[in-house]
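Report on one structure; see the data block that follows.
Proteins come first, then strands; the chains are lettered A, B, ... in the order of their sequence lines, and each starts at number 1. Note that the structure is predicted; figures quoted are calculated from it, not measured.
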Amino acid sequence: MKQELQELLIQALQALISEGILESVPDNIRIDHSKDKSQGDFASNVAMVLSKQARCAPKDLAQKIVEKLTDATEIERVEVAGPGFINFFMSQGSNNQVLGDILAKGDQFGLSEFGKGQRILLEFVSANPTGPLHVGHGRGAAYGATVSNLLRAIGFEVDNEYYVNDAGRQMDILATSVYLRYCEVTVFPDNGYKGDYIFDIAKQVSNVERYDIAQDVCKDEKDGGDKEKHIDELIANCKRVLGSDYQKIFKLAIDSILSGIKIDLSEFGIEYQQWFSEQSLVDSGLSEKTVKALQKSGHIYEKEGALWFKTTDFGDDLDRVVVRDNGMHTYFASDIAYHLEKFNRGYDKVINIWGSDHHGYIARVKASISALGHNPEKLEILLVQFANLYRSGEKVAMSTRSGSFVTLEELRHEVGNDAARFFYVLRKSEQHMDFDLDLAKSKTNENPVFYIQYAHARIFSVLKQAKNMPIVEADLSLLTSNIEASLVKELNRYKDILQTSAVNYEPHILAYYLRDLAGEFHSYYNNSEFLVEDDVLRCTRLSLVQAVKQVIVNGLNVLGVSAPDSM
RNA sequence: GCGCUCGUAGCUCAGCUGGAUAGAGUGUUGGCCUCCGAAGCCAAAUGUCGGGUGUUCGAAUCACCUCGAGCGCACCA
């Protein structure tokens, strides 16, 4: 409907241009759903935007535009209001068309072809496999999965991907930590992974000799030494002493943790098309090749024994090291290779969802994409602020290494998947978020997700009771009350909401909409009776209510939240 | 010090590609179950939109300054 109105407006503007009143039609003419019923169904501010060009008062220009509008049966009347808004009042019949549309399309209602099948690679979570996911990762997981659903709903083809950092020093620290627990050492390195899950993995180790790998290593920090050096020497000893058994433990540790992460995400309703291994970039030599390609194109220089990538040529603050003086590739080097690999897979757009603490990393990644001859515009990086956890009014410190954190699994079991999914996306992703554990765990009724699910359950219950009553054709002209009109108006917004929510990567827009829709329904429920004697009236109201139910189901489905029939 | 993000009702947050009286949840106060699910509804009260200056017909929204909070500035990943 919005598009039809837009075309009508353009026609009117063109008529004014031919009369010499206006010079040109603006690119995008804004037509919004009015917030207030007294302001009609749609409003346009085009007259105010163009008043300068026309050199007359916005209100007068609006009047002139209105006079040029051709009649359309769907439009009941058009008004000029306020400082120069053009308000469109649609006929109730035209608004009601959406009901038939919803009931006919069912699960498909609201979907569009806006994305025209363009392919998007969406990478999210990608937490290091050094421990279970915690509640901070949960936010990225819920956000990423919902953005993915949204984009799919408006016609994009989206592949979800998890980048597994299974190479590098952190993994060695993990393996060594497991071995030390297996040996049941009494002194544990400051920099080792201390969580309980390390003990669980250690229990699975068998047929490996127990050596004292702490012999001859330098002092740990608590003894006045350097904790980084201490753990590096432990790792070196561990590798040397264990030989091939080291790989065994290494693999056990990562497999165990990664499979835990996969189960966790899958139970949270999140499916990935790809799990991309960092190690595979090393094995395939792509990391190596990428550095060579950069060298060839002249973006690399040597300084103090290391290879530096001149990212400052592409807008970064500092140049970055890609190969250290000890010959090791930095994480950045494999990350460049990874992004190159993503681009080579031929996606129309590559989206990364990162924790906001990585924002300083954006410039150098985009720089590397430019340097390798790709368009950095095709890479979009969305940042998610970490959630601050509060327990008993106090902020909870979180660190994977110290093992003091609340896992995503714990949270899911406490508050339920539905509440967790909804709660996470209810706030704008870049908004700092206070996650009050006590509130989320103990008073789950306050969570708005139940409000929406309750509306669905109520409708289900009503429809169930209507099952044995006669079914006749509905007469939509009987939907005359204010609340019915505003409920229909709300349903008419769904498609636009879905699109706005998706193109802006803002799931909270959909979440808020569903709560509003549920609110309208609850008002209606308390205000009117559905199971009335009159067959036509009953079936008419039930069809409205059924349409509401369908939209709630469709919307919750995008958010990854279930719509139970009873609760 | 430099950079990114944020600052809106007691609390948690929407609204931000400039638009009509700044909204919701929660909390507070008072009503509504002989009636389709009261996890609900209705009503009342609540704001220097952190502060300041500017841009203009119009600023919570844009620009600049300033104060406050979080995060990032490695030959770590």
Side-chain angles (χ1 to χ4, degrees), chain A residues 28 30 32 34-36 38-39 43-45 48-49 51-52 57-59 81-85 87 128 130 165 167-171 173 228 278 303-308 316-318 320-335 355-363 383-386 388 390 423 426-436 439 443-455 457-466 504 506 508-509 511-513 515-516 518-519 521-532 538 541-542 545 566-567:
Chain A
N28 61 333
R30 276 198 76 142
D32 295 312
S34 313
K35 22 180 170 166
D36 200 299
S38 65
Q39 295 163 4
S44 177
N45 66 349
M48 290 182 283
V49 174
S51 70
K52 203 168 223 175
K59 273 188 122 163
F85 288 100
N87 291 338
N128 282 353
T130 52
N165 296 119
R169 180 166 169 263
Q170 294 306 318
M171 299 312 301
I173 295 179
E228 304 291 345
E278 181 188 359
K303 192 176 90 182
E304 292 160 6
L307 294 183
W308 296 69
D316 198 5
D317 303 339
L318 295 166
R320 311 289 172 177
V321 170
V322 285
V323 181
R324 293 162 66 185
D325 56 7
N326 63 8
M328 298 279 286
H329 283 208
T330 59
Y331 175 84
F332 181 43
S334 48
D335 220 22
S356 61
D357 55 335
H358 285 74
H359 65 77
Y361 207 71
I362 297 174
L383 298 177
V384 179
Q385 285 286 352
F386 283 153
N388 287 319
Y390 286 85
F423 201 89
L426 189 57
R427 271 133 187 76
K428 224 164 46 177
S429 62
E430 67 261 40
Q431 178 70 248
H432 298 265
M433 171 178 169
D434 286 343
F435 204 125
D436 187 330
L439 187 75
K443 298 157 107 182
T444 53
N445 286 356
E446 289 179 8
N447 196 308
V449 70
F450 293 106
Y451 184 76
I452 299 167
Q453 289 179 324
Y454 181 49
R458 268 183 155 178
I459 296 172
F460 181 85
S461 170
V462 169
L463 292 175
K464 195 171 151 196
Q465 288 165 68
N504 293 311
E506 291 185 336
H508 74 278
I509 292 176
Y512 273 86
Y513 166 80
R515 218 199 39 198
D516 289 346
F521 166 74
H522 285 307
S523 290
Y524 186 37
Y525 183 93
N526 277 275
N527 162 290
S528 337
E529 215 176 332
F530 308 135
L531 300 176
V532 291
R538 183 183 64 247
R541 287 182 177 167
L542 287 179
V545 152
S566 65
M567 24 195 321

For [X], which contact category applies under a 4.0 Å heavy-atom criterion: base, sugar-phosphate, or nothing?
X      : answer
A:M328 : nothing
A:A363 : nothing
A:Q453 : nothing
A:E529 : base
A:H359 : base
A:S566 : base
A:D325 : base
A:A43  : base
A:K303 : base
A:A167 : sugar-phosphate

Same-atom distance ([atom1]) from [N] to [M], integer angstrom:
N     : M     : atom1 : answer
B:C49 : B:C62 : C1'   : 16 Å
B:A45 : B:G30 : C1'   : 11 Å
B:G19 : B:G58 : C1'   : 7 Å

Could you check which of [options] has an atom nearest any side-chain atom of [X]?
X      : options             : value
A:N45  : B:A77, B:C41, B:G19 : B:G19
A:Y454 : B:G40, B:G72, B:G15 : B:G40
A:R427 : B:G37, B:C13, B:C42 : B:C13
A:R324 : B:A77, B:G19, B:C76 : B:C76
A:N526 : B:A77, B:G40, B:A39 : B:G40
A:L318 : B:U21, B:C73, B:C13 : B:C73
A:Y525 : B:A77, B:G37, B:G15 : B:G37
A:H522 : B:A77, B:G40, B:C73 : B:G40
A:R458 : B:G40, B:A14, B:A20 : B:G40
A:S523 : B:A14, B:C41, B:A20 : B:C41

- Query: Does B:C73 adopt a syn or an anti glycosidic conformation, taking syn as a chi angle within 90° of 0?
  - Reply: anti
- Task: Find the distance A:F85:CZ to B:G58:P and express it as a whole number of Å.
- Result: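 That distance rounds to 15 Å.
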- Task: Calculate the interatomic distance between A:D357 atom CG and B:C71 atom C1'; express it in whole Å.
- Result: 7 Å
- Message: Are there over 12 heavy-atom neighbours, none belonging to A:M567, within less than 6.0 Å of that residue's CE?
- Response: yes
Test item: [X] side-chain N/O and [Y] main-chain N/O as donor-acceptor pair under 3.5 Å:
X      : Y      : result
A:S528 : A:Y525 : no
A:R541 : A:E529 : yes
A:R538 : A:V532 : yes

- Query: Would you say a side-chain N or O of A:Y451 is under 4.0 Å from OP1 or OP2 of B:C41?
  - Reply: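 So the side chain of A:Y451 is within the cut-off, an N or O lying under 4.0 Å from OP1 or OP2 of B:C41.
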- Message: Looking at A:R515, I'd like to know whether one of its side-chain N or O atoms comes within less than 4.0 Å of OP1 or OP2 on B:G23.
- Response: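 For B:G23, neither OP1 nor OP2 has a side-chain N or O of A:R515 closer than 4.0 Å.
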- Task: Hunt down the Watson-Crick or G-U wobble partner of B:C41, both distances under 3.5 Å, from any strand shown, or write none.
- Result: B:G31
- Mark yes or no for a side-chain to base donor-acceptor pair under 3.5 Å between A:E304 and B:C75, with no hydrogen or angle criteria applied. yes
- Message: Between the base of B:A20 and the side chain of A:N87, is there a donor and acceptor pair under 3.5 angstrom?
- Response: yes
- Has A:Y331 got its ring stacked on B:C76, by the test of a centre gap below 5.5 Å and a plane angle below 30°?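 Taking the rule of under 5.5 Å and under 30°, the ring of A:Y331 does not stack on B:C76.
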- Task: Kindly assign one of parallel, tilted or perpendicular to the pair A:F530 and A:F521, based on the angle between their ring planes and the thresholds 30° and 60°.
- Result: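 Rings of A:F530 and A:F521: parallel, as their planes differ by under 30°.
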- Message: Walk me through whether A:V322 and A:H329 qualify under side-chain contact (heavy atoms from CB on, under 4.5 Å).
- Response: CA-CA 6 Å; A:V322 285; A:H329 283 208; over 6 Å; no
- Note on the structure: When rounded to the nearest 0.5 Å, the distance separating OH of A:Y454 from NE2 of A:H522 is 7.0 Å
